[in-house]
Amino acid sequence: MFASLAGVLFDGFAFGMLLFLLSVGLSVTLGMMNFVNLAHCSFAMIGGYATVSLANRYGWPFLATLPAAFVAAGGVAIALERTLFRRLYRASDLDQCLLTIGMVFISIAAYAFFYGTVVQSTPMPSYLKGSVQLFGMSFAAYRLFLIAMGLVVAATLVFALETTRFGAQVRAAVDNQRMARGLGIDVDRAFMITFALGGGLAGLGGALAIEIVGLDHAFALNYLVYVLIVVAVGGLGSIGGSFAAAVVLGVSDMAGKYYFPWLGAFVIYLVMVALLMWRPVGLFGKR
Amino acid sequence: MEKGRAEVSYFRAQARWRPLELAFWAATLLPFVVTPSYLSLASQIAITALFALSLDLLLGYAGIVSLGHAAYFGFGAYSAGLLSKHYLGEPLTGLVVGAAAAGILGYVTSHVIVRFRHLALIMLTLGLGLLLAEAANSASALTGGADGLQGVKMSPLLGFKFDLYGRTAYAYSLAVLFCVFLVARRIIHSPFGLALRGIRENATRMPAIGAPVLAHLRKVYTIAAAMAGAAGALLTQTTSTVSLEVLSFGRSADVLVILILGGAGRLYGGIVGAIIYMVARDQFSGLNPQYWYFWIGLLLVAVVMFLPNGILGGLSALRKKPQ
Amino acid sequence: MLSARNLNKRFGSLVVAQDLSLELPPGVRYALIGPNGAGKTTLINLLTGMLAPDSGRIFLGGDEITGLKPEARVRQGLARTFQINTVFPQLTPLESVAIAVLERERHAHNWWRGLPAFAPAIDEAQAILERLRLAGVADRPTRELAYGQQRLLEIALALATRPRVLLLDEPAAGVPKDESAELFSVIAGLARELTILFIEHDMNVVFRFASRIIVMVGGRILLEGTPEEVRSDDRVREVYLGRAHARAA
C-alpha cells in the first residue's frame, strides 16, 4: 500500500511537471493581456510533432530535439502573435475565444492530414529507459528526468522574473497593464516575448509528453481542459500558483485513475467547477 | 401626446413582421414538395436552428458567452429518451418533459453561472458541459454509455406515425421551431428583452438605473436552457436514439460556430447559420470529419477577422452602404 | 432626506473614507469638492451601494438602506451618474431611458407583452429626453451622439428612476466650458424638491449653483457650510492654495 501510494505520488508529480510546462505560458500571457488563448495546446502539438519528425525521420537523438521543439513552437507563436492575435487584444473575449478555437480546429486537421490519426511515439535513449533504484524503490528514469526538467524550468522562470529587468516589466504588466504603459514599459513587446516563451515552453511540454501520454492529432483539445484548470486554479500570472496547481492536479488525476478508475475524468471536472465557484480568480490569484 | 404616440410607433415598427420574414417561413414548407428525399436533413436543420436560437438569446441578446450549451441540449435529449423508453412514448409529453428538465437544470446552474464574466464564465460553462458529458458516460447503466440509449420508441404524433421519409419528423420539428421562434421574438420586443440588451451593452451600468441584473440573467438562462432542452428532445424523438454526442464539446462548439456564422444578436442569425452549416456538412459528408473541422476553423478565423457580425450583419451592412 | 453616519472604508492599509457623516435635507443643492484622491467618488460609491462600507449606516427618507443592493437603493429613490460616460452604446437614448422607466414601474420582467403595450412608460421616457433637449436624437444609436449629449443622457437615465436624491459625479467632466454652464443650467432647472449632490472642480460653477458645499480631504469631511463660509474658511484656503503653491514650486 505504501509503495503504491509513493508510486502514485511520484507519477502524479511527474505528470504535474508536464502540466506545469504546458500551462505556465498561458497563465502569464493571460495575466498580461487578458487574451483568452484556447489554442495554447496547439503550440504543444507543434513541439511534439517537431520532436517526432526530427527523431523518427532524421534520426536526431531525443535530447537534441527538445531545443528544436522549443524553438519551433516559440517561432510559430511569434508569427501568430504578430499577424493575428495582436489585432484582437481589445476585442471581446468571445472573439478571442472563437479565433483560437478556430485555430485549434485547423491545427487538429493539419496534423491529422500530415501525420494521420495514430498515436505517435519516439525512441528513447537507453539512459532514459528503465528505472533507477533509490531508497529501496524503483523510479522510472524518464519520469525522474521530467521532474528535473520541470524543476529547472520553474526555478529559472522564478529567478528570471524576480531578478531581471525584463522580469520586472512582465510583473508590472501582469499587475496593472495601464500603469505599466504609463511607466513607459513597452507592454506589447513584453507580451510578444512572453508569448513566444510561453509557446516555446508548451512546445517543450508537448515534446516531453510523447513518452508519458502519447501524441495524437487531438492533443490540442484533450489537454486544453487540463491547462485551463491549472491556470484557473493557479491564478493568472502566478508561476508559483501554476506550479502548485499543476502538482495538485497531476497527483489527483493519477490518484483518481489509480484508485477510482470508473469515475474517469469526472473528478477532475468536478474539482474544477467547484474551485471556480469558490474562487474564480484562482487559489493564488490576486484579481 | 402626439409626439409620444410617434415614439411608441418606433417600437411598433421594430416589432412589425416584414415581408421577407413571411416569405422565409413560407419557404420552410418547400422541402415537402421540392426535396422530399431530404426531409430528414430538413428536420435536423430545424432542430439545430432551434438550438442556435436558444444560444442567441443568451449570447446575442444577454451577452452570456457559453462553451457548454450542449449540456442543456443533451439533458433534454436524455430526459425525453428515458421517458419514452421506460414510461410513455407520446412525443408532445416527451417534448415538454425534455424542455422542463433542461429548464430546471438551467435554473439551478444559472445561480452560479450568471455571477461570472470573461474567462471564468467561459471556463465554468466549459467545465459544466464536460462534467455532464462525463457523468453520462460514467452512468452507462442509465444512459447506455458509449453505445447510446437504445430502445427509444415513439408513439404516433397526434395520430401521425413517424414515417421513413421524415415527413412527420420535419413537420413536427418545424412546428416546434416556429412556435419557439414566436416566443423568442416576443421576448426580444418585450421590456424584458430590452433590459437584456441593456445588460449586454453595459452590465455594470444597469444596477444604477434600478435593474436587478442577476435576476434578469437567471431568467433568460432558464428560458434558453429550456429551449435547448426542447431541441434535444426533438432530436431524440425524430431519430429514436440518444448518443453521448448530444453532450459533447463538439456540439457546444458547433452551435457557437453556427450562431456566429449567421450573426449573433439577430433573430434569424441562428436559423440562417444552421441552414448554411447543415447543408454544407451534408454536401461534404464524404469528407473526413477532421477535414471538415479544418474548414470550420478557417471560417471561424475569417469571420472573427473580417465579418464580426456574421453573414446577416454583413448583408445588412452591404444594404446600408449605397445610401 | 439622505443621511450617512460614521461611514468607514479602507483598502488594506489605505483609508479611503474615515468617519464620514452627512445630512442632506430635501431640495438642497450640494456641491462636493476636494482635491483629487479626497474620496469624493468613493463617498458616492458608498452611498449608492457600489461599495460596501466597513462600518457606518446610511438612511434615505428615514429608512435604513445600508444593506440594500444598488438597484434596490435606486428603487427607493437614490440615483447617480458616473464621471465617465457609461451609457449603452448600441441602444438609442429612447431605449436606454425606457429601460429605466420600465424598471421603475416594475415592467422589466415582462417578456410576454410587446413594448408598444407600454405606451405610458415610453411617453415618459420621451418627455424626459425632451426636458434634457435630447428629443432630436432620441432614436439614434447612443455611440453616434456628441459627448455633451451623452453627458445629458447620463442625467436623463438617472431622472428616469424618479429619484428623491440625485448624486452627480462630475456631470460636466470633459465638456467644454461654455457647454458646461449650459449643462448646469439644465441641472439647476430640475424639480425644486429634488435633493442634488454634485462633484465639481470648477469653483465658479460650484459657487454659482450650490446652496451648500461639502469639502473633503484625505477621506474625511473637512467642512460643510454655505458658499460664503467655505470661501472664507482658512483650512479650505490652505488645502487649495497650498496645493496651488506646491504646484507652482
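Model, not experiment: these values are computed from the prediction. Lettering follows sequence order; numbering is per chain, from 1.
Considering every non-hydrogen atom in both B:Gly297 and A:Phe105, the closest pair reads CA-CB, 3.8 Å.
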After noting the C-alpha distance and the side-chain angles of B:Leu300 and A:Ile101, does the key distance pass the side chain to side chain contact (heavy atoms under 4.5 Å, CB included) rule? CA-CA 8 Å; B:Leu300 269 177; A:Ile101 286 184; 4.1 Å; yes
Verify side chain to side chain contact (heavy atoms under 4.5 Å, CB included) between A:Leu228 and B:Ile122, making sure each step is shown before the conclusion. CA-CA 10 Å; A:Leu228 285 177; B:Ile122 289 169; over 6 Å; no
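With sequence neighbours left out, B:Ser243 forms a side-chain contact (heavy atoms from CB on, under 4.5 Å) with B:Glu245. For A:Phe85, the ring-ring contact (aromatic ring centres under 6.0 Å, His included) partners at least two apart in sequence or on another chain are A:Phe35, A:Phe195.
Heavy-atom distances place both the backbone and the side chain of A:Leu84 under 4.5 Å from chain B. Residue A:Ser107 does not touch chain B at all, counting heavy-atom pairs closer than 4.5 Å. Of the two parts of B:Leu59, only the side chain, counted from C-beta on, holds a non-hydrogen atom closer than 4.5 Å to a non-hydrogen atom of chain A. Interface remark: B:Ala135 contributes backbone and side-chain atoms alike to the contact with chain A (heavy atom separation under 4.5 Å). The parts of B:Leu130 that come within reach of chain A are both its backbone and its side chain, each placing non-hydrogen atoms under 4.5 angstrom from that chain. Contacts between B:Leu67 and chain A at a heavy-atom distance below 4.5 Å involve the side chain alone, from C-beta outward. Of the two parts of B:Val301, the backbone and the side chain both hold a non-hydrogen atom closer than 4.5 Å to a non-hydrogen atom of chain A. Heavy atoms closer than 4.5 Å to chain A are found in both the backbone and the side chain of B:Leu298.
Counting heavy atoms of neighbouring residues, nucleotides and ligands inside a 6.0 Å radius, atom CH2 of B:Trp292 exceeds 12 of them.
B:Val65 pairs in a side-chain contact (heavy atoms from CB on, under 4.5 Å) with only one of the listed residues (A:Val36, A:Leu98, A:Leu94), which is A:Leu94.
Residues of residues 269-278 of chain B never come closer than 4.5 Å to chain A when only heavy atoms are counted.
Applying the side chain to side chain donor-acceptor pair (under 3.5 Å) test to residues at least two apart or on different chains, the pairs with a partner in residues 54-69 of chain B are B:Ser54-B:His69.
Looking at A:Phe113 and B:Tyr291, their side chains come closer than 4.5 Å, going by heavy atoms from C-beta outward. A:Ile108 is not listed as a side-chain neighbour of B:Tyr293, based on a closest heavy-atom distance of 4.5 Å or more.
Between B:Met305 atom CE and A:Leu88 atom CG the span is 5.0 Å, to the nearest 0.5 Å.
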